[in-house]
**Q** 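Take a look at the following structure, please.
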Amino acid sequence: MSSPVSSRKPAKPATPSARLSTVVLDAHDAHELAAFYQRLLGYVVRAEEPHWVLIGPPPGTAGTSLAFETEPDYVPPVWPTRRPGDQQMMLHLDIEVDDLAAEVARAVAEGARLADHQPQDDVRVLYDPSGHPFCLWVETPS
């Protein structure tokens with residue numbers, strides 16, 4: 001005798017209630033790096049402690065918060081690289097801008113450094129004052 005096939009549909013998985021709220025970056029000086037990203041993004045300080053700072057968009061503005069933690073043994077990543085022993089990049093921030101050239105100039109004036117390797121015409125890779133790579137990019141028509 002065969003078993004009857006259930007006419008019940010499988011339950012839909014629950015919608016996750018989790019959402020990305022903050023990206024945390026280590027640095028030699030959390031306050032220095034937080035100040036750089038405040039100037040770059042127009043963010044405000046939301047919380048701070050002696051070795052940790054949380055910044056985010058101004059109240060009423062959407063966006064992901066950034067936190068910075070002082071790590072005395074912080075080693076900046078090497079990018080681009082695949083050499084054994086080099087500190088690998090774990091993540092990078094992609095920041096969309098309206099005017100790529102103007103925002104690159106502003107980021108450099110605020111303390112960023114332009115990377116030697118630039119893989120795309122509509123993206124500029126820079127390093128923040130702690131050596132984290134980040135990208136400024138502009139949407140191009142398809």
Side-chain angles (χ1 to χ4, degrees), residues 3-142:
S3 62
V5 176
S6 172
S7 63
R8 288 190 296 161
K9 294 181 181 178
K12 277 181 118 176
T15 302
S17 63
R19 62 196 162 279
L20 179 65
S21 63
T22 307
V23 175
V24 182
L25 298 172
D26 290 347
H28 285 296
D29 184 328
H31 293 271
E32 176 185 304
L33 192 56
F36 167 78
Y37 281 103
Q38 276 183 269
R39 294 188 307 271
L40 186 70
L41 300 170
Y43 277 16
V44 297
V45 173
R46 293 197 172 159
E48 77 186 295
E49 297 175 6
H51 301 289
W52 180 83
V53 182
L54 174 67
I55 65 171
T61 306
T64 302
S65 296
L66 296 173
F68 305 91
E69 187 169 15
T70 297
E71 173 54 58
D73 296 326
Y74 170 75
V75 176
V78 177
W79 182 88
T81 188
R82 295 289 180 250
R83 294 185 308 240
D86 283 347
Q87 174 64 45
Q88 298 293 306
M89 176 179 63
M90 304 267 187
L91 65 87
H92 70 275
L93 303 176
D94 282 348
I95 301 168
E96 185 177 7
V97 298
D98 295 326
D99 183 330
L100 189 57
E103 291 302 319
V104 167
R106 193 172 70 78
V108 169
E110 294 295 352
R113 179 173 50 90
L114 195 61
D116 291 333
H117 179 65
Q118 297 296 326
Q120 296 168 252
D121 291 336
D122 57 348
V123 175
R124 288 296 169 268
V125 180
L126 297 101
Y127 300 101
D128 68 24
S130 288
H132 299 101
F134 69 96
C135 294
L136 297 180
W137 68 279
V138 63
E139 188 169 344
T140 54
S142 332

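Count residues from 1 along the sequence.
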**Q** Ignoring hydrogens, what is the shortest heavy-atom contact between Ala107 and Phe134? Give both atom names and the distance.
**A** CB-CZ, 4.4 Å

**Q** Does a side-chain heavy-atom distance below 4.5 Å link Leu40 with Ile95?
**A** yes

**Q** Should Leu136 and Leu100 be marked as a side-chain contact (heavy atoms from CB on, under 4.5 Å) after you check the CA-CA gap, both sets of side-chain angles, and the distance that decides it?
**A** CA-CA 7 Å; Leu136 297 180; Leu100 189 57; 3.9 Å; yes

**Q** Pro76 and Gly131: which non-hydrogen atoms are nearest, and at how many Å?
**A** CB-CA, 4.2 Å

**Q** Before you tell me yes or no, could you show the steps for Leu54 and Thr22 under side-chain contact (heavy atoms from CB on, under 4.5 Å), namely the whole-Å CA-CA distance, both residues' side-chain angles and the distance that decides it to 0.1 Å?
**A** CA-CA 9 Å; Leu54 174 67; Thr22 307; 3.8 Å; yes

**Q** Under the salt bridge (Lys or Arg N to Asp or Glu O under 4.0 Å) rule, what pairs show up with a residue in residues 30-59, not counting sequence neighbours?
**A** Arg39-Glu110

**Q** Determine whether the aromatic ring centres of Phe68 and Tyr37 lie less than 6.0 Å apart.
**A** yes

**Q** What pairs with Tyr74 under ring-ring contact (aromatic ring centres under 6.0 Å, His included), at least two apart in sequence or on another chain?
**A** His28, His132

**Q** To the nearest 0.5 Å, how far apart are CG in Asp26 and OG in Ser130?
**A** 9.5 Å

**Q** Is the shortest heavy-atom distance from the side chain of Asp99 to the side chain of Val97 under 4.5 Å?
**A** no

**Q** Tell me, please, which residues at least two apart from Gln38 pass side chain to side chain donor-acceptor pair (under 3.5 Å).
**A** none

**Q** How long is the span from the CG atom in Leu41 to the CZ atom in Phe36, to the nearest 0.5 Å?
**A** 8.0 Å

**Q** Between Gly56 and Ser65, what is the shortest heavy-atom contact and its length?
**A** CA-OG, 3.9 Å

**Q** Identify every side-chain donor-acceptor pair in residues 111-120 under 3.5 Å, counting partners at least two apart or on other chains, and give the distances.
**A**
| residue | atom | partner | partner atom | Å |
| --- | --- | --- | --- | --- |
| Gln118 | OE1 | Val125 | N | 2.8 |
| Gln118 | NE2 | Ala115 | O | 2.9 |
| Gln118 | NE2 | Val125 | O | 2.9 |

**Q** Rounded to the nearest 0.5 Å, what's the gap from CG on Leu126 to CD on Glu103? Could you check?
**A** 11.0 Å

**Q** Does CG belonging to Asp98 count more than 12 external heavy atoms closer than 6.0 Å?
**A** no

**Q** List in chain and number order the residues that pass side-chain contact (heavy atoms from CB on, under 4.5 Å) with Asp94, two or more places apart in sequence or in another chain; answer none if no residue qualifies.
**A** His92, Cys135, Trp137

**Q** Checking side-chain contact (heavy atoms from CB on, under 4.5 Å) for the pair Leu25/Leu93: CA distance, chi angles, key distance, verdict?
**A** CA-CA 10 Å; Leu25 298 172; Leu93 303 176; 4.2 Å; yes

**Q** For Val44 and Pro57, which heavy atoms make the closest approach, and how far apart are they?
**A** CG2-O, 4.0 Å

**Q** The criterion is side-chain contact (heavy atoms from CB on, under 4.5 Å); which residues satisfy it with Thr15, sequence neighbours excluded?
**A** none

**Q** For side-chain contact (heavy atoms from CB on, under 4.5 Å), just list the numbers for His51 and Glu69, CA-CA rounded to whole Å, side-chain angles, deciding distance to a tenth of an Å, and then say yes or no.
**A** CA-CA 6 Å; His51 301 289; Glu69 187 169 15; 5.7 Å; no

